Amino acid sequence: MKKVLIVILMVLTVAGVGFGCFYLYKTFIVKDNYKPGQPVPSASKVDSIKGYNYTLYDDSTELYKDLYYELKEILEKENIDEAKYAEVISKMFVTDFYTLSTKVTNQDVGGLEFIYSKNKDNFKLKASDTLYKYIESNVYGDRKQKLPEVVEFVSCTSKVDGYNYNDKDTGLKIFDTKSYVVNVTWKYKEDLGYQTKATIRLVHEDNVLSIVSVS
C-alpha cells in the first residue's frame, strides 16, 4: 500500500512540475521569442478581484494595470467609496475601450466587462460598426496601422444623479436614484485625432456599478 501511495505522489509531483514549466513557457518564453508572421499568443490571466468579474490580463497597458490595482484596493475595503469606485471604473473603461493599439481584430472590443449586462451585445455591435470598424487585423503581428493608446487622464469628476430608463420596444427598465455621472478627459501616447473626453453614466447592478451610457 505504501509503495502505491509513493508512486501516486511521484506521479502527481511530476505532473505538477510539468504543468508549472508549461505555464512559464507559454507565459514568458513564447511571448519573449514571438516574431511577426506567427499567430499572436493569447492573453493570459494575471489577477482577478474576489467577488467581482474584474480580471487583469498580461497584454493590458501599464496605465490599465495601475488602475486595476487601484480598483482592487478600493473594493477590498470594508466600506467602499462608491464615488471613487465609479471614477476608477470609468477610467478603466476609457483606457481599454479607446486604446485600439492592443486590439487584435475589430471584434476585440475593449471595456465590455464594465457595460450593463443587458446592453453588452448592442454596445459591442455599435462599437464594431463605428470606432472599431477600420481596425486592421493583427492576428499575425504584422499590422502597420497607427492606432491610439490612452496614457494619461487630465481630469475626472463625478456626481450622484437619479436615472430612470424605460424602453417600451425592448421592455428594458433601469431605475436608480443614486446613479453616477462621471466626466473624464484624457490624452493619448500620440494625438491621432480620436475622442478625448466623455460623460459616462453608471448604475447599480447587483453588487457592481455598470455603465449604461457613454457620450
Side-chain angles (χ1 to χ4, degrees), residues 47-49 51-57 60-103 109-128 130-132 148-167 172-189 191-215:
D47 192 63
S48 60
I49 301 177
Y52 298 86
N53 291 322
Y54 302 132
T55 304
L56 179 65
Y57 291 91
S60 300
T61 65
E62 290 305 312
L63 175 60
Y64 189 89
K65 291 175 182 176
D66 290 342
L67 290 169
Y68 172 87
Y69 286 112
E70 184 179 351
L71 174 65
K72 187 172 185 178
E73 184 177 344
I74 291 170
L75 296 180
E76 288 181 343
K77 290 183 178 179
E78 185 175 348
N79 297 312
I80 296 174
D81 184 338
E82 280 204 335
K84 193 64 178 175
Y85 175 21
E87 291 173 9
V88 174
I89 283 292
S90 297
K91 288 181 179 180
M92 291 176 73
F93 167 78
V94 166
T95 303
D96 196 16
F97 183 71
Y98 291 99
T99 293
L100 305 184
S101 59
T102 59
K103 307 306 184 279
V109 177
L112 288 179
E113 63 184 329
F114 308 115
I115 302 298
Y116 191 79
S117 60
K118 294 183 179 178
N119 289 346
K120 288 183 190 290
D121 290 341
N122 286 336
F123 183 86
K124 182 177 181 180
L125 184 63
K126 184 176 180 180
S128 297
T130 52
L131 181 65
Y132 282 65
E149 177 186 342
V150 178
V151 294
E152 179 186 351
F153 286 93
V154 178
S155 66
C156 183
T157 60
S158 63
K159 67 176 182 178
V160 176
D161 188 31
Y163 183 70
N164 190 1
Y165 178 83
N166 185 3
D167 191 326
L172 178 61
K173 296 181 181 180
I174 305 174
F175 179 72
D176 191 344
T177 58
K178 293 184 177 181
S179 73
Y180 286 86
V181 177
V182 179
N183 290 297
V184 60
T185 59
W186 62 90
K187 290 182 179 180
Y188 296 98
K189 187 174 183 178
D191 186 0
L192 299 173
Y194 286 84
Q195 182 175 341
T196 58
K197 62 181 179 179
T199 298
I200 300 172
R201 168 87 67 169
L202 306 97
V203 298
H204 293 82
E205 185 179 19
D206 297 325
N207 68 322
V208 304
L209 287 174
S210 298
I211 297 173
V212 290
S213 67
V214 181
S215 59

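Keep in mind that what you see is a predicted model, and the values were worked out from it rather than measured.
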In sequence, state the C-alpha distance, the side-chain angles, and the governing distance for L131 and L100, and then conclude on side chain to side chain contact (heavy atoms under 4.5 Å, CB included). CA-CA 9 Å; L131 181 65; L100 305 184; 4.2 Å; yes
Would you mind reporting whether V151 and Y188 have side-chain heavy atoms less than 4.5 Å apart? no
Kindly compute the distance separating OG (S210) from NZ (K120), expressed to the nearest 0.5 Å. 7.0 Å
Tell me which one of I74, L209, N207 satisfies side-chain contact (heavy atoms from CB on, under 4.5 Å) with I80. I74
Give a yes or no on this: more than 12 heavy atoms of other residues, nucleotides or ligands lie within 6.0 Å of atom CG of N53. no
Which residue pairs pass the side-chain hydrogen bond (donor to acceptor under 3.5 Å, both in side chains) test when at least one of the two sits in residues 83-92, sequence neighbours left out? Y54-Y85, E87-S158
Salt bridge or not for D161 and K178, using N-O below 4.0 Å? no
Under the side-chain contact (heavy atoms from CB on, under 4.5 Å) rule, collect the residues that match up with S128, sequence neighbours excluded. Q107, V109, K124
Taking atom OG of S60 and atom OH of Y57, what is their separation to the nearest 0.5 Å? 9.0 Å
Value for CD (E76) from CG (L71), rounded to nearest 0.5 Å, stands at 9.5 Å
Between the side chains of T185 and S155, does any donor sit under 3.5 Å from an acceptor? yes
How about T199 and V181: do any of their side-chain heavy atoms sit closer than 4.5 Å? yes
Please examine the side chains of Y69 and L56, heavy atoms only from C-beta on, and report whether any two atoms are closer than 4.5 Å. yes
Evaluate ring-ring contact (aromatic ring centres under 6.0 Å, His included) for Y98 paired with Y132, printing each intermediate quantity in order. CA-CA 9 Å; Y98 291 99; Y132 282 65; 8.6 Å; no
So Y165 and V212, do their side chains get closer than 4.5 Å, heavy atoms only? no
To the nearest 0.5 Å, what is the distance between OG1 on T157 and CG on N183? 4.5 Å
Please name all residues satisfying side-chain contact (heavy atoms from CB on, under 4.5 Å) with K118, sequence neighbours left out, ordered by chain then number. Y116, L172
Return the NE2 to OH distance between H204 and Y163, rounded to the nearest 0.5 Å. 14.5 Å
Rounded to the nearest 0.5 Å, the CD atom of E152 sits from the CH2 atom of W186 at a distance of 13.5 Å
Residues forming a side chain to side chain donor-acceptor pair (under 3.5 Å) with S117, sequence neighbours excluded: E205
What residues form a side-chain contact (heavy atoms from CB on, under 4.5 Å) with T61, not counting sequence neighbours? L63, Y64, T95, T99, T102, E149
Side chain to side chain contact (heavy atoms under 4.5 Å, CB included) between I200 and V94, intermediate numbers included: CA-CA 10 Å; I200 300 172; V94 166; 3.9 Å; yes
How are the rings of F93 and F114 set to each other: parallel, tilted or perpendicular (split at 30° and 60°)? perpendicular
Do any N or O atoms from the side chain of D96 and from the backbone of G111 form a donor-acceptor pair under 3.5 angstrom? yes
Chi angles and distances behind the side chain to side chain contact (heavy atoms under 4.5 Å, CB included) call for Y68, M92: CA-CA 7 Å; Y68 172 87; M92 291 176 73; 4.0 Å; yes
Can you list the steps and then say if V182 with C156 is a side chain to side chain contact (heavy atoms under 4.5 Å, CB included)? CA-CA 7 Å; V182 179; C156 183; 3.7 Å; yes
Tightest non-hydrogen contact, residues G162 and S179, listed as C-OG, 4.0 Å
With a 4.5 Å heavy-atom cut-off, do E73 and V88 have their side chains touching? no
Measure the shortest side-chain to side-chain distance between L67 and F153 over non-hydrogen atoms and say whether it is less than 4.5 angstrom. yes
With sequence neighbours left out, write down each residue that passes salt bridge (Lys or Arg N to Asp or Glu O under 4.0 Å) with K189, or none if nothing qualifies. none
Is there a side-chain contact between D47 and T55, using heavy atoms and a 4.5 Å cut-off? no
